[in-house]
Amino acid sequence: MQTTFSLGTIDWAIILIYFIFVLGIGWALKRYMKDSTAFLEAGRSLPAWVTGLAFISANLGAIEMIGMAASGAKYGMMTVHFWIGAIPAMIFLAIFMMPFYYGSKARSVPEYLKLRFDEKTRGFNAFAFAIMTVFSSGISMYALALLAQVIMPLQIDWNFMGVHIGEFDFYLMVSAVIVLVYMVLGGLTSAIYNEVLQFFLIVIGFAPLVFIGLKDIGGWEGLKANLPENMIHSWKFAGSADANPLGVEWFGVIMGLGFVLSFGYWCTNFLVVQRAMAAGSMSAARKTPLIGAIPKMFLPALVVIPGMIALALSNIGELDIPLKAGTNVQDFDKVIPVLLMRYMPMGVLGLGITALMASFMSGMAGNVSAFNTVFTYDIYQSYIRPKQSDKHYLKVGKWTTVVGVLASIMTAYVARSFNNVMDFLQLIFAFVNAPLFAAFLLGMFWKRTTGHAAFWGLIGGTISAVIHHGFSLPAGGSAGIKGGFFGLIHTYPSEMAQNFWTAIYAFSTALILTFVITLLTKKLKTDTELKGLVYSLTPRIRDDSKYWYQKPGVLAVVVGAVAIVLSIIFW
Amino acid sequence: MGLDIKIPIGLMFSIFGLILTILGLVTAGDNAMYEQSLGYNINLISGVVMLVFGGFMLFTSSLFKKKKKEEEE
């Protein structure tokens, strides 16, 4: 089947116009970048709807977009658990955690850890996070270059000082340069503004695809008729692991994904929390995750349903999903480009491609912006050169952008040459991240929690994740990256089930360890020092919203109610 | 930040909307082109939607709120 796109002039024009706007936003923001706060924290001045949409867009990079559509084809409606699990986490972040993040004046999540616990806990988190963001940005870059290679088949065969440059290299460099330019010009604000732009592009660019695709398959009823029944319900078949395509039973879903992974991601990952911290007021900061939660609930319609449509069409022999190179397995990562190609004529095709590229580019930029802040404040200012002028740190922030982009280019090549390396790294990050929420939970709500306890809880939780992974395997997996490297004690029905349980073990170990070590160690921070960092020592904030319906609490109840209604409809 | 994000969003979608609306009008009746989108003139539909959205963004942006801005200053 045809595997390359033919883009028309209009499609190219749309892509080009998008690039002009992206760079233009950076250029227009340049004159506001006068100090490090403006550059690395967006001056803490943005309105809630902007930070809210950026909050959700930061989570719509290459891995998520491709991954969600692919999961739609693999697991069907159960994929929306990723969303459903995220909603309570966002409500929790908004209502309970944001007052500490925003109110403490910490400039980053690691800095909060330093204020609440101690230097070593901050250092551990800062280094792990910095490496993680560079790799995520590299993966987005790699995905973008791959996509560009497929859809814009230019013939490039250059020799530059003895180095061969092909299409992949060319697109990688072009995207890197564009991101670099707008990030150096406009800093975090540039990243956030482009995320907002990306959000609207994804909604408007993918809506025609879903509309035509659903028409073709015969609407929701047609989709249901052509898919196995367990793929169109989100909860009905969650009772036992054998009956649903995820291979996880409800306890694993709720505890592993819903609680540990979702809360761990949305409440402690600086990439998303940074968006809320850039808001102009406490009220706006608390509303950020809640405003983000609203589109989050409806995005499955745009991203997961195309995956399901593709599978349904292929079930009735109407669509060929390309196979993975050298195998008989359908490559679900390609469903979005394949559907775009099938349904979109010139014009909207360019729009759809632009939406995908926007998602990949802001996936890169989002990670680079978070990397910048953590590197400049938590690594450079803390360990390399403290006590310099603000001008100095502004300069360092700008150079860090260059370093971050260069490092991402390197990881993009690593991703290209060793697919396993990326799996391996993602696994390590999962090990490091799962226990983090335990430290925050205890730290924020129990003033006795000590720095030593938090640090060793994190280390212990990470180690227990490694041990659990090392002794278990998903069904059909062989020892190695998939687990089982220490021996085999338990086999899980699917990789996802194994991941959920790894997270549950890591979290529980960190929670118990932190609790026990806290009781054994001396509390070093006084109550005065912990004011504004711990729930019981922080005065309740009074929200300054003008109208009752603008209050975060009211918004939280509405968001929660809609999430419940949606779960029931798609039960 | 000094730049109102609604201005670039509004401008970009207005331009996209204009391009697709014109394209949709020019290619209206081109059955071969719209066969793949099941006969819908999807360019015209998307174009009009983007024009409305882009216009709304521009209209609610600070460009049209000069008065309020001056008062604040």
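Computed over heavy atoms, backbone and side chain alike; hydrogens, waters and symmetry mates excluded. Chain letters run A, B, ... following the sequence lines, proteins first, then strands; residues in each count from 1.
Considering only heavy atoms from C-beta on, Y193(A) comes within 4.5 Å of L3(B) through its side chain. Under the 4.5 Å side-chain criterion, counting only non-hydrogen atoms from C-beta, I5(B) is not in contact with L46(A).
The salt bridge (Lys or Arg N to Asp or Glu O under 4.0 Å) pairs that include a residue from residues 38-47 of chain B number zero, where partners must be two or more places apart or lie in different chains. The side chain to side chain donor-acceptor pair (under 3.5 Å) pairs that include a residue from residues 7-27 of chain B are T27(B)-Y34(B), where partners are two or more places apart or lie in different chains.
In this structure, the portion of V50(A) lying under 4.5 Å from any heavy atom of chain B is its side chain and not its backbone. Only the side chain of I10(A) comes within contact range of chain B, judged by heavy atoms closer than 4.5 Å. If you measure heavy-atom distances from L11(B) to chain A, the contacts under 4.5 Å come from both the backbone and the side chain. Within the 4.5 angstrom heavy-atom criterion, atoms from both the backbone and the side chain of Y343(A) approach chain B. Heavy atoms of I15(B) lying under 4.5 Å from chain A belong exclusively to its side chain.
With sequence neighbours left out, A355(A) forms a side-chain contact (heavy atoms from CB on, under 4.5 Å) with L201(A), I202(A), F206(A).
In this structure, L23(B) and M346(A) approach most closely via the heavy-atom pair CD2-O, 3.5 Å.
Contacts from residues 39-52 of chain B to chain A, taken as heavy-atom pairs separated by less than 4.5 Å, involve Y40(B), I42(B), N43(B), S46(B), M50(B) in sequence order.
To the nearest 0.5 angstrom, I204(A) atom CD1 is 4.0 Å from F13(B) atom CZ.
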task = List the steps and the verdict of side-chain contact (heavy atoms from CB on, under 4.5 Å) for I212(A) and Q36(B).
result = CA-CA 9 Å; I212(A) 303 283; Q36(B) 60 181 138; over 6 Å; no
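Annotation for F211(A): atom CZ counts as buried by contact number, over 12 foreign heavy atoms lying within 6.0 Å.
Using cut-offs of 30° and 60° on the angle between ring planes, the pair F53(B) and F200(A) is tilted.
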